Amino acid sequence: MTLELFSQYLLAGITYGIIYAIVGIGFNIIYNTTGIINFAQGEFVMLGGMIAISMHQWLPLPLAIVAAVLLVMLIGALVEILFIRWLDRPSVLRMIIITIGISILVREAALHIWGEGVRSLPYFVGNEITTVRILGARVSPQVLWVIGVCTVMVLALSLFFKYTLQGKKMQACAANRVAATLCGISTKNMVTLSFMLSAGIGALAGCVMSPITYTQYDIGTGLAIKGFTVAILGGLGSSMAAVAAGLLLGLIESFSVSVVPLAFQDAISISLLLAILFLRPHGLFGNKDAADLKEF
Amino acid sequence: MKRSVTATIIMLAASLALSVSMACAETIKIGAILAMTGPASFLGAPEARTIEMLAEELNAKGGIGGNKIELVIKDSGGNPEKAISFAKQLIEEEKVFAIIGPSTSGETLKIKQICEDGKTILLSCAAAEQIVNPVAKYVFKTPQKDSQVVHAIFETMKANKISKVAVLASNTGFGQAGKGQIEKQAPESGIQVLATEVYDSKATDLSAIVAKLAANKEIQAVINWSIEPAQAIVLKNARQAGWNVPIYQSHGFGNIKYVEAAGVAAEGVIFPAGRLLIADKLADKHPQKAVLVKYTKDYETKFKEEASTFGGHAYDAFKILCRAIEQAGANKEKVRDAIENMKGFVGTAGVFNFSPTDHNGLGQDSVTMLTVKGGNFIEYKK
Amino acid sequence: MKRHLPLGLLVLAIIGVQLLTRATDTAFYLTPLTMTAYYSLVIVGLCLLMGYAGQISLGHAGFFAIGGYLSAMLTTKNLVPFKDNSLISLCDELGLLVHGQDMFGSAFTHVQPWAACVCAVLVTIVVAYAIGIPVLKLKGHYLAMATLGFGIIVYRLALAFPLFGEADGISDVPGFPILPGLAVSGDFSSRVSNYYLAWGMVALAVWLLVNLIHSRVGRALKAIHGAEGAANATGINTSRYKLNTFVLSAVLASIAGIFLTHYNGGIGPSEAGIMKSVRYVAIVAIGGMANLWGALTMGALLNIMSLRGMFGSYDDAVFGAILIVIMLFAPQGLLGISLPAAFKRILRRGE
C-alpha cells in the first residue's frame, strides 16, 4: 500500500469516525442524565442539515447554520418536554419504544415536509471538486471542516462539563440523581438541557457533513445505529471513549475496503456491535463494575 | 292489448337505450402500484405525479370515448409484500382494467404471476429483463432494456479506445441487474473488467473505495451503475481524489437533480438515456420532440421541478394503455392484443414497437449517449 | 374450561368472518386476512417473549426472514447443475427433491417444500440458540440493541448474496402442498382453503401458548418477568426458560415466514428490515404486553388496514405514532386503559 493510499484510507476513516463519534456523544449526554438511550439521535443530525438547507434560501450560510442549530435545539427540548418529562420512572422497554416511535415520526414528518429528494448545503470552501493535499492524500476541504468543527465541539463539551456550573450540575445528575436533587439541582431542567445539547451537536454535525454526504429524510436511522455502536464500543456514558471508539470504527470500516468487498462494509459495524455486546458489554474503555451498578 | 305490447316494447327500448348510455358513462378504472415513499421514492413519486397529471388532462377532455379515467394509486413503499397485497386487491376488489407500475423490479417480479393469473394488464415501470423474458401474455414494461443500455456504453467505449474498466454498482435490483449485463457483455465487446465493487445505496462516502480503485493505474474508465443519489457521491469522491478517468453512468442518472447534487464533478460524465433530458435540443423534425417538449413543460409547470426519465416511464405506460383503449374499446383482451401489436408509438423513452415476443418494444435506438456540460444535459458527440 | 372460552370465540370469529365475506361477495378480503394470519403467528410468539418472559426483541423480523428466505431459496434453486454431487443424489434417493420444468421449459430440480420447511426450521432453531445464549445474558438497552443488530445482519445478508436474490428477493416460489388437493399458494381458486389453513395454524399456536402460559412453564416465566433474582433463588433455571422461550418465539416467526412466502410466491429483503421488527413490537405493545388476545386482535386490525393501504403514504408514521401514544398513555396496552388513571397521569406533576 502506498503512502498516498494509506493516507486516503486514514482521512476517510477519520471523517466517518468523527461523525459517528458526535452521534455517540449525543447518545452519551442524554444517557448520562437520564439513563435513556435516545434512538431519535440520528434524526437531530438529519434535521440540522435539512433546516439549514431551507434557511439558506433566505439567510447567508453561516447564519443559516446557526439558525438551524438553534431550531433543532428547540426541537430537542420540545421532544423532551412533550414525551419524556412527565413520565414517572419509566421502564427501559417503554423508553426504548417511545424513542423509536419519536424517531419514526420525525422521519416521516421530514418526508412529508421536504419530500424524498436529496439535498445538500453548498461547500463551505470551494466546490465539488476542489481538493487539498494532506499527507499525500487528496480530500475535499470540507473534510477538514468536518474534522475541525467536530473536534472543537468535543473540546468545548469537555470544557463545559468540567468548568461550567451547568456542566457540573449535569455531571452530578449523571452520577446520582437523587443526591443531585437533594443538592437543589433541578434535575428536570438538566434533562431538558441534555436533550438540547445533544440535539445541538447533532445538528451542527449534520450541517457540516451535508455537502459531503447529502441530507435526505432517512439518513437518521443509519447514523443512529452507527452512533450507538460507537457509544457502546467505547463504554456507555463516557464521551471521550466515544470519540476514540468512533475513530476506531471509522478506521476499521475505511481500511476494510482494502481486504473485504465493499458490499460487506455495513455488516462490519454490526458484527462489531454484536461482538462487543457479547464479549464486553461495558465497552472497550468502560469499567465492568461501574457498568453493572448503573441503572438500566 | 296492442297498446300494452307497444308500451312494453317502448319501455324495453328505452331501458336498453338508457343502459347503453349508462354503459357509455362508465369510468375506466386504472390501478397503479408505485413506491411513492420509501427507498424507491425518487422513482415512484415522479411516476405517481405524472399519471395523476395525465389522467386529469385526459378527463378534462372528456376521457376516452366518453369514459372518464379513474385512477386508483397505491403506495407500496417499495415493499414487495405490499405490492402483492395491492395487486390482488386491485384485481379482485377494484376490478381495475390495468395496473401501471410497480416502480421496482423486485416488486414487479412478485406480481407478474398474479397479474397473469388474474388476466389483468400490467405495464411495469421497472427495468429488469426478467419482467418480459419469458414473455407473459399480460405483462409489459416501458423502460429500456439494460442490455441495450450496456451495449450503447460499450460501443462508445470501443470508439474511445477504452478496454479496461472498473465497475461500481449499487446494491439495489437496478444496480445488480446492470452489473450482471456488464459482466455478460464485456467479453464479447472486448472490454476487460478489472475490478467490481458493490456499494450500499445509502452510502455517504465512497472515498476509500475510490482511492483503492484509483491506485490501479490500468483502469481506463469507470462504469458507475446506480439509480440512487449515491451515484453522485462516487463522482464527487473520484474528482476530489484527482482521479480523472472518464466516468460512464447508467440511464439511472436521468435526473437533473443528480447533476445538481454532484455539481462540477458531474461535468463530462457520459451516459446513455432516453431523449427526454435533451428535449429542447432535439431537431424539430425528430419524431419524439413534440411529445417530449409537451411532457417536460407540463410537468415542470405543474410540479415546479424538472422532469426526469423516471416519470417518463409512467407517462409511456399510461399513454400506451390509453392509445390501446382508444383503438380497441374497453375490453381487456382486445386492449391487450392492441398493446401487443402496437407499432410506432412515440413515447418519452423512445419509439415503441411491440410484438408477441417483445413486450418491451424499445430498440437500441431508444438510447442515445448524453453528457453533462455546464450543469446541463447535452448530446454526446465523440 | 373458562380458559378455552376465548379460543372458542376465536374459532367462531374465524368462521364467521369467512361466511360474512361469502355472503357479501367480498371474498377478496380473504387475501389480506390470510397474510395477517401469518403475521399474527409472529406476533403471538413475540408476545410470549416480551410479555411473559419480559425480553425485548427488536429483530424478530430476522427469524421470519430466515424461515422465508431458506424455504424460498431451496424451493427455487435449480439443482440440475449439481446432480452429480453426492449430497444432492442422496437427497434425491430420499425423495426430497422435485423434478420438473422451469418457465423456459428446461429441466428443473428443486427441494420438496416439506423438506425445505423442515430444513429452514432446523436452521432457525440452531441460529436462535446460537444467538440466544449470548444475547439473553444482556439486559435492558444492551439486549434491545443486540436483537436490533441481529435483525440488521439478517437483512444485510439477504441483501448481499445473489443466492438470496439480492435486492429483488426471490420470486416464483411454488406452492406448498400440505395434503392432496390442499396447498399453501396464492392461487385465486384456493383462497378459502388457504384462509382456513392460515388461521387454523394461528388457532393451534394460540391453543399451545395458552396451555403453556397456564402450566408450570408459564408460572416460571411470570416469576422471571417479575423478579428474576427471586426466581433464581427459588431454583428456577431462569436462563434455560428464557432461552427456550426465545427459541420457541423464533420458530413461530420462522414458520410464519415459510408459509407466507409460499402464499405470496416470493419474499423480499424488506421482510427482514428494522421497520418490520418495530411493527411487530408496536403491535404487541398496543395489545398489552402480556395480553395474547389483545396482541392478536390489534395485530389483525392494524395489519389488515395496512395491507389494504388504508394508511396510504403514512403507513410507517401511523405505527410510529401508535408506539408513542400507547407507551405514553397506556403502557398496559389499549385494552388495559383505565381513563381516570390516564388522566391522573397527564395532570400529575412532580418527581
Side-chain angles (χ1 to χ4, degrees), chain B residues 33 35-41 44-45 48 72-95 104-114 117-119 126 128 130 133-136 169-177 179-180 198 200-201, chain C residues 25-36 38-39 64 68 102-105 156 159-162 165-174 185-189 191 257 260-261 263-271 273 275-276 303-304 306-317:
Chain B
I33 302 175
M36 289 159 28
T37 57
S41 50
V72 182
I73 305 185
K74 296 279 187 191
D75 178 8
S76 68
N79 287 331
E81 67 274 4
K82 284 239 184 91
I84 292 173
S85 176
F86 291 150
K88 291 189 179 172
Q89 195 182 344
L90 287 172
I91 295 175
E92 295 175 38
E93 181 179 347
E94 304 274 357
K95 296 198 180 23
T104 66
S105 307
E107 295 168 89
T108 310
L109 291 171
K110 304 275 179 321
I111 69 171
K112 184 175 168 187
Q113 197 57 42
I114 297 175
D117 290 341
K119 296 199 180 10
Q130 296 112 297
N133 181 14
V135 168
S170 73
N171 69 353
T172 59
F174 183 86
Q176 297 310 293
K179 172 165 149 292
V198 172
D200 192 60
S201 55
Chain C
D25 200 24
T26 51
F28 41 79
Y29 276 109
L30 293 178
T31 303
L33 280 167
T34 312
M35 289 172 81
T36 302
Y38 291 121
Y39 287 129
F64 182 97
D102 68 9
M103 47 194 167
F104 292 100
R156 290 276 158 204
L159 207 51
F161 292 106
E166 286 163 332
D168 287 333
I170 302 181
S171 314
D172 295 321
V173 176
S185 82
D187 285 343
F188 284 123
S189 52
R191 258 197 320 227
L260 186 57
T261 301
Y263 180 75
N264 277 341
I267 188 169
S270 56
E271 290 282 12
M275 281 315 298
K276 277 269 145 151
N303 271 323
I304 291 177
S306 169
L307 283 171
R308 283 180 55 78
M310 280 189 189
F311 302 132
S313 301
Y314 292 93
D315 209 30
D316 284 341

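In what follows, chains carry the letters A, B, and so on, assigned in the order in which the sequence lines appear, proteins first and then strands, with residues in each chain numbered from 1. Just so you know, these numbers use all the heavy atoms, side chains as well, and skip hydrogens, waters and symmetry mates. Computed from a predicted structure; not experimentally measured.
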inquiry  = Checking the side chain of B/S85 only, and the main-chain atoms of C/L307 only, is there a donor and an acceptor separated by less than 3.5 Å?
reply    = yes

remark   = The interface call for C/I267 against chain B, heavy-atom contacts under 4.5 Å, is backbone

message = Using a 4.5 angstrom heavy-atom cutoff, name the option from B/E107, B/E81, B/Q130 with the most pairs to chain C.
response = B/E81

key: Which atoms of B/K110 approach chain C - backbone, side chain, both or neither, heavy atom under 4.5 Å   = both

key: Sidechain N-carboxylate O distance under 4.0 Å for C/R156, B/D200   = yes

message = Quick one, C/R308 and B/E93 - any side-chain contact, counting heavy atoms below 4.5 Å?
response = yes

message = For B/G77 versus B/P39, what's the shortest heavy-atom pair and its separation?
response = O-CD, 3.8 Å

query = With a cut-off of 6.0 Å (strictly less than), are more than 12 heavy atoms of other residues, nucleotides or ligands near CZ of C/F311?
reply = yes

key: C/S306, part contacting chain B, at a heavy-atom distance under 4.5 Å   = both

request  = Could you look at B/I111 and say if it's the side chain, the backbone, both or neither that has a heavy atom under 4.5 Å from chain C?
outcome  = neither

key: Proximity breakdown for B/S105 and chain C, heavy-atom pairs closer than 4.5 Å   = both

query = Hey, does the side chain of B/D75 reach the backbone of B/A35 with a donor-acceptor pair shorter than 3.5 angstrom?
reply = no

Chain B contact via C/T31 - which portion, at a heavy-atom distance below 4.5 Å = side chain

note = Honestly, the part of B/I84 sitting under 4.5 Å from a heavy atom of chain C is side chain

inquiry  = Please classify the contact of C/Y263 with chain B as side chain, backbone, both or neither, using a heavy-atom distance under 4.5 Å.
reply    = both

message = Assess whether a salt bridge exists between B/K82 and C/D315, defined as any Lys/Arg side-chain N lying under 4.0 Å from an Asp/Glu carboxylate O.
response = yes

